[in-house]
Structure formats: structure tokens, C-alpha cells
Amino acid sequence: MGITRRDLITNGFLASLAYSIPKVTFANINQGGLDNFFVQILAPGGMDVTLSLDPLNHNIYGTDNEDIFLEYRWDQIVKYGDLILGPACQSLKPYMKNIATINGIVMRRDVGHDSLLAYMASGSGSGDLPYFAIEANHFLPTTTLGTLVNTSFRLGDRRPSLSQIRDHEHSTSSSVLNPESIDILKDIYEKTGSSLTKPNLDMLKFNSQKEGFYKKIEDITQLIEQESKEAPIIAAAFIQNVANSAIINLEDIQNLEFDFDTHSDHEGRHLEAQMGAWYYVSQIFDLFSKIPYRTGTLFDHTTFVVVSEFSRTPYLNAAKGKDHNVYTNSVLLAGGKINGARSFGGSKVIPRSKRKDGRAIHIGSPFDYSTGKSVNASGDGIELIFPENVAKTLAQLFKNESVYPGLNSIKQIPGLFK
């Protein structure tokens with residue numbers, strides 16, 4: 001089941017009526033609160049992973065630019081441990097010890113941007129499972145706002161608390177609901193007895209503390225220089241324990257030039273778009289790393305997952321662009337719980353000289369789920385990596401067999417989490 005922008009506006013209004021806000025400062029938030037938060041970042045359009053999460057090298061395959069069009073030399077990539085990132089990810093270099101990638105994810109077939117983005121974000125191509133941030137919300141401790149969002153998404157069979165991020169972008173302490181409004185809402189509930197208004201009525205008792213939330217947003221905004229207010233709002237909601245997860249669609253970020261779907265004029269344009277997107281992500285990491293939380297930082301207690309719907313063909317087409325490639329894809333994971341500086345899964349390029357259609361292909365490699373290694377073999381436990389394997393792997397964060405029960409038989413990638 002999907003949720004529309006109209007639904008989001010409605011849920012956002014209801015959720016914004018009141019907040020459960022403990023009044024704390026950065027100096028005394030090391031105890032209590034949630035232990036783990038989750039941020040899912042969507043990068044729609046089809047990311048050319050050879051520029052970022054899964055860089056390639058002509059020397060390995062004996063190929064040239066007609067097989068794999070690359071805009072960089074191999075000495076321009078970034079290495080840390082077993083993790084290798086392309087030139088678009090230069091801004092992520094300070095966090096590579098807490099970053100892992102999953103490469104060689106196969107999307108089965110091209111059914112369009114929206115459906116495949118939902119497939120990557122939920123592990124289901126049929127729409128029956130929610131985006132993982134929504135699934136995480138279901139298993140994290142209950143909070144007033146639940147999941148903060150700036151986009152439309154699939155709920156599956158979950159019914160979480162939701163709040164639009166943009167509803168808080170221009171909020172100030174003066175926007176606290178007045179007592180007369182509270183009395184009116186209480187009267188409505190008492191006269192109707194509607195179960196739909198009960199959860200919101202329960203939140204009203206915390207309304208007097210709402211001022212602390214907006215003050216916290218103002219304090220956090222001063223920590224880094226960035227035009228977007230999404231990250232400070234999410235960080236404030238997490239440390240105040242009024243939200244436990246968030247979904248950010250980069251396509252909906254104001255002032256972020258964003259176009260990955262480069263079927264023409266790919267050179268330079270796609271790289272620039274990716275660099276801007278990864279810089280935005282690095283700014284979120286910067287902010288979360290500067291906020292003390294419990295025994296570490298907010299970054300240490302948050303898991304970030306960045307997904308796009310597919311990669312792009314390795315070669316340029318007649319219009320000097322790159323088309324959709326559903327035969328490989330990549331995901332970035334970051335945070336304190338990640339076994340960082342590692343890459344899981346892999347991909348390979350079959351050059352045009354070995355293909356009947358005369359076109360090179362970039363495809364995911366078989367993966368041995370018992371050893372956690374990519375292999376060039378077949379046998380028991382050796383399969384491709386699909387989005388459902390990624391989703392079921394993320395479920396390990398919650399140590400609960402009920403997470404994504406529809407994926408019970410799906411193999412998990414070992415060794416991703418500490």
C-alpha cells in the first residue's frame with residue numbers, strides 16, 4: 001500500500017499537534033534515550049556506481065572506454081581498508097572506517113524507476129513490504145513522531161506515526177499549541193470517541209515541552225554550515241527521542257541540483273550530480289558526528305542506508321549517455337554499528353568481444369553466503385544478491401525474527417554489523 005503527499009500532509013498535521021520532548025542539553029544526553037536510529041536516503045534516477053560505490057579498472061578486464069566509459073584514472077579512487085570508492089565520493093573519505101558497501105545487487109528486470117526504487121528500499125518488488133525505515137519504526141521503541149519523511153513511500157501493512165520534515169523547517173517556539181486549542185481537541189475526542197484521534201490526544205499532554213524541540217533545532221543548526229534544514233531537524237528529533245527513523249529523498253531537497261538519469265550527455269554531468277549528492281550525505285554525517293549522544297555521538301547510534309533504483313550501462317550510447325542497468329546495483333551503509341572499511345558482494349564486466357550482441361555488460365557476481373565473499377563458482381549457498389537479501393540483512397539490526405517475516409527464507413549477508 002502506498003502513501004501519497006496528501007496523506008503525508010494530513011499525518012504531518014496530526015503528528016505536529018504535540019511532542020514528547022524531554023528538556024535536555026548536549027551536556028546531559030549521554031544516558032537514556034534510544035540506542036539505535038535509522039535513516040534511509042533515496043537517490044533516484046539510477047546512479048552510475050562506477051563513479052562512486054563500485055569503481056572499475058580497465059586493467060583488470062583488459063577493456064577500453066568502449067566497454068567501460070570511465071572519467072577517472074585508477075589513482076583517483078579512494079581506498080581505506082578493503083573499501084574502494086570512486087571520485088564522486090571524495091567527501092565521504094573521513095567516514096570510510098564506518099562505511100560499507102554492498103555491490104553486485106541484481107534487480108531482475110527493468111520495470112521503471114518508481115517500482116525499482118521501492119524494490120531497493122523495501123526488498124519487495126510487489127509493494128507488499130514497507131520501506132525499511134518504516135519497518136524499523138515498527139520495531140524501535142514508540143516515539144511521538146515515529147518516522148520523519150520528505151517523500152512518498154510504501155507502508156506495506158505497517159501503520160506508523162509520521163511527520164513531514166518540512167513542517168518543522170520554519171517552526172519556532174512561538175508555534176506551541178495554545179491551551180484553548182488543546183481544550184477544543186479534547187472536546188472533539190470526548191464527543192466522538194474516535195479511535196483515530198486518540199493517539200494524537202495522548203500526545204497533547206507533552207505540548208508544553210514542544211518549545212524545547214524547536215530550540216534544539218536552532219542549537220543544532222549552528223553546528224555546521226548547510227542550507228538544508230533536514231539534518232538538524234532529524235538530529236534534534238532523535239536526541240529528543242520524539243522520532244526514531246527518517247526517509248530522505250534527495251530529489252526533493254531544495255537547492256540540490258539532482259539528475260542521475262543521464263541517457264545523454266553523461267560525461268561530467270552525472271559526476272557533478274553525484275558529487276553534490278554525496279556531499280549532502282557527508283554533511284549529514286558531519287552533523288551527527290558532532291552531537292554527543294549517550295557514550296558516543298549521534299552518528300555512532302544511527303544506521304544510514306543510501307539506495308538508488310539501478311546502476312547504468314558501462315558504455316556510452318549513441319547520445320553519449322548511459323542507459324538503465326538492472327544487472328548490478330550498489331548500496332552504501334554507514335554508522336557506528338557498521339563493520340566499516342569493507343565491501344560486500346562484487347560485480348564484473350564482460351567485454352563486448354565476448355558478447356554476441358557486441359555490447360559490454362556490467363553484472364553482479366555470485367556470492368557465497370556462508371563465507372561472505374564474491375566467487376566465480378556455483379554450488380550450495382552460492383547465489384546472486386538481490387534487494388530482498390539486503391533488506392533481510394538490515395533486519396539483523398533488531399535481532400527479531402518478526403522483522404520482514406515475508407522474507408523468512410531469504411539469506412542474509414554475514415559480517416555487515418558489529
Side-chain angles (χ1 to χ4, degrees), residues 3-5 7-9 11-12 16 37-49 51-53 88-92 95 113-114 116-118 120-121 131-134 145 147-154 162-171 217-218 220-238 243 245-262 269-291 298-299 302-309 330-335:
I3 184 165
T4 65
R5 292 181 185 277
D7 295 328
L8 286 172
I9 292 171
N11 279 293
S16 65
F37 304 99
F38 190 88
V39 177
Q40 188 167 30
I41 300 174
L42 312 179
M47 181 189 300
D48 184 354
V49 298
L51 290 170
S52 52
L53 306 184
C89 290
Q90 290 284 341
S91 59
L92 297 180
Y95 300 98
H113 287 275
D114 293 343
L116 288 180
L117 184 63
M120 276 301 305
Y131 280 22
F132 194 77
I134 301 299
L145 299 184
T147 302
L148 293 168
V149 297
N150 79 330
T151 188
S152 57
F153 51 88
R154 291 180 179 176
L162 301 169
S163 182
Q164 263 282 5
I165 295 172
R166 65 176 59 96
D167 287 345
H168 312 296
E169 287 184 357
H170 305 291
S171 299
I217 293 174
E218 294 172 3
I220 291 176
T221 301
Q222 306 304 315
L223 292 180
I224 60 173
E225 296 180 3
Q226 64 173 25
E227 295 182 6
S228 173
K229 292 188 176 181
E230 290 84 9
I233 291 170
I234 294 169
F238 285 179
S245 62
I247 302 174
I248 302 175
N249 188 327
L250 297 183
E251 204 168 40
D252 293 332
I253 299 299
Q254 188 177 9
N255 299 324
L256 183 62
E257 296 294 330
F258 191 85
D259 182 11
F260 284 175
D261 202 21
T262 47
R269 186 161 67 95
H270 190 102
L271 176 59
E272 183 178 1
Q274 273 211 55
M275 290 178 69
W278 290 118
Y279 179 73
Y280 176 88
V281 172
S282 74
Q283 288 286 283
I284 298 178
F285 294 173
D286 287 347
L287 179 62
F288 277 57
S289 296
K290 291 179 179 178
I291 299 174
L298 189 58
F299 180 85
T302 304
T303 300
F304 300 88
V305 179
V306 185
V307 302
S308 189
E309 58 264 45
S330 298
V331 168
L332 179 137
L333 303 103

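Quick note: numbers below take in every heavy atom, side chains included, and nothing from hydrogens, waters or symmetry partners.
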Closest approach of [X] and [Y], non-hydrogen atoms and distance?
{"X": "Ala277", "Y": "Leu256", "answer": "N-CD1, 4.4 Å"}
{"X": "Pro44", "Y": "Phe260", "answer": "O-CD1, 3.6 Å"}
{"X": "Gln40", "Y": "Phe132", "answer": "OE1-N, 3.4 Å"}
{"X": "Thr147", "Y": "Ala133", "answer": "OG1-O, 3.8 Å"}

Inset, instruction - For residues Leu332 and Trp278, determine if any side-chain heavy atom of one lies less than 4.5 Å from a side-chain heavy atom of the other. - result: yes
Inset, instruction - Report yes if some heavy atom in the side chain of Val305 is under 4.5 Å from a heavy atom in the side chain of Phe38; otherwise report no. - result: yes
Would you check if the side chain of [X] reaches a backbone N or O of [Y] as a donor-acceptor pair within less than 3.5 Å?
{"X": "Ser52", "Y": "Ala88", "value": "no"}
{"X": "Thr303", "Y": "Gly335", "value": "no"}
{"X": "Gln274", "Y": "Met47", "value": "no"}
{"X": "His168", "Y": "Ile233", "value": "no"}
{"X": "Glu309", "Y": "Gly45", "value": "yes"}
{"X": "Glu257", "Y": "Gly276", "value": "no"}

Inset, instruction - Go through the steps to decide whether Leu53 and Val331 satisfy the test side chain to side chain contact (heavy atoms under 4.5 Å, CB included), and finish with yes or no. - result: CA-CA 7 Å; Leu53 306 184; Val331 168; 5.8 Å; no
Legend entry - Residue from Ile234, Thr151, Leu42 passing side chain to side chain contact (heavy atoms under 4.5 Å, CB included) with Ile248: Ile234
Inset, instruction - Sequence neighbours left out, what passes side-chain contact (heavy atoms from CB on, under 4.5 Å) with Ala235? Give chain and number order. - result: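 Result, side-chain contact (heavy atoms from CB on, under 4.5 Å) vs Ala235: Ile220, Leu287, Phe288, Ile291, Leu298.
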Legend entry - By side-chain contact (heavy atoms from CB on, under 4.5 Å) - contacts of Asp259 (at least two apart):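 Asp259: side-chain contact (heavy atoms from CB on, under 4.5 Å) contacts with Asp261, Arg269.
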If I take atom [atom1] from residue [X] and atom [atom2] from residue [Y], how far apart are they, to the nearest 0.5 angstrom?
{"X": "Ile284", "Y": "Tyr95", "atom1": "CD1", "atom2": "OH", "answer": "11.0 Å"}
{"X": "Phe153", "Y": "Leu117", "atom1": "CZ", "atom2": "CG", "answer": "13.0 Å"}
{"X": "Asp286", "Y": "Ser91", "atom1": "CG", "atom2": "OG", "answer": "8.5 Å"}
{"X": "Leu271", "Y": "Leu51", "atom1": "CG", "atom2": "CG", "answer": "5.5 Å"}
{"X": "Lys290", "Y": "Gln222", "atom1": "NZ", "atom2": "CD", "answer": "12.0 Å"}
{"X": "Leu250", "Y": "Phe258", "atom1": "CG", "atom2": "CZ", "answer": "5.0 Å"}

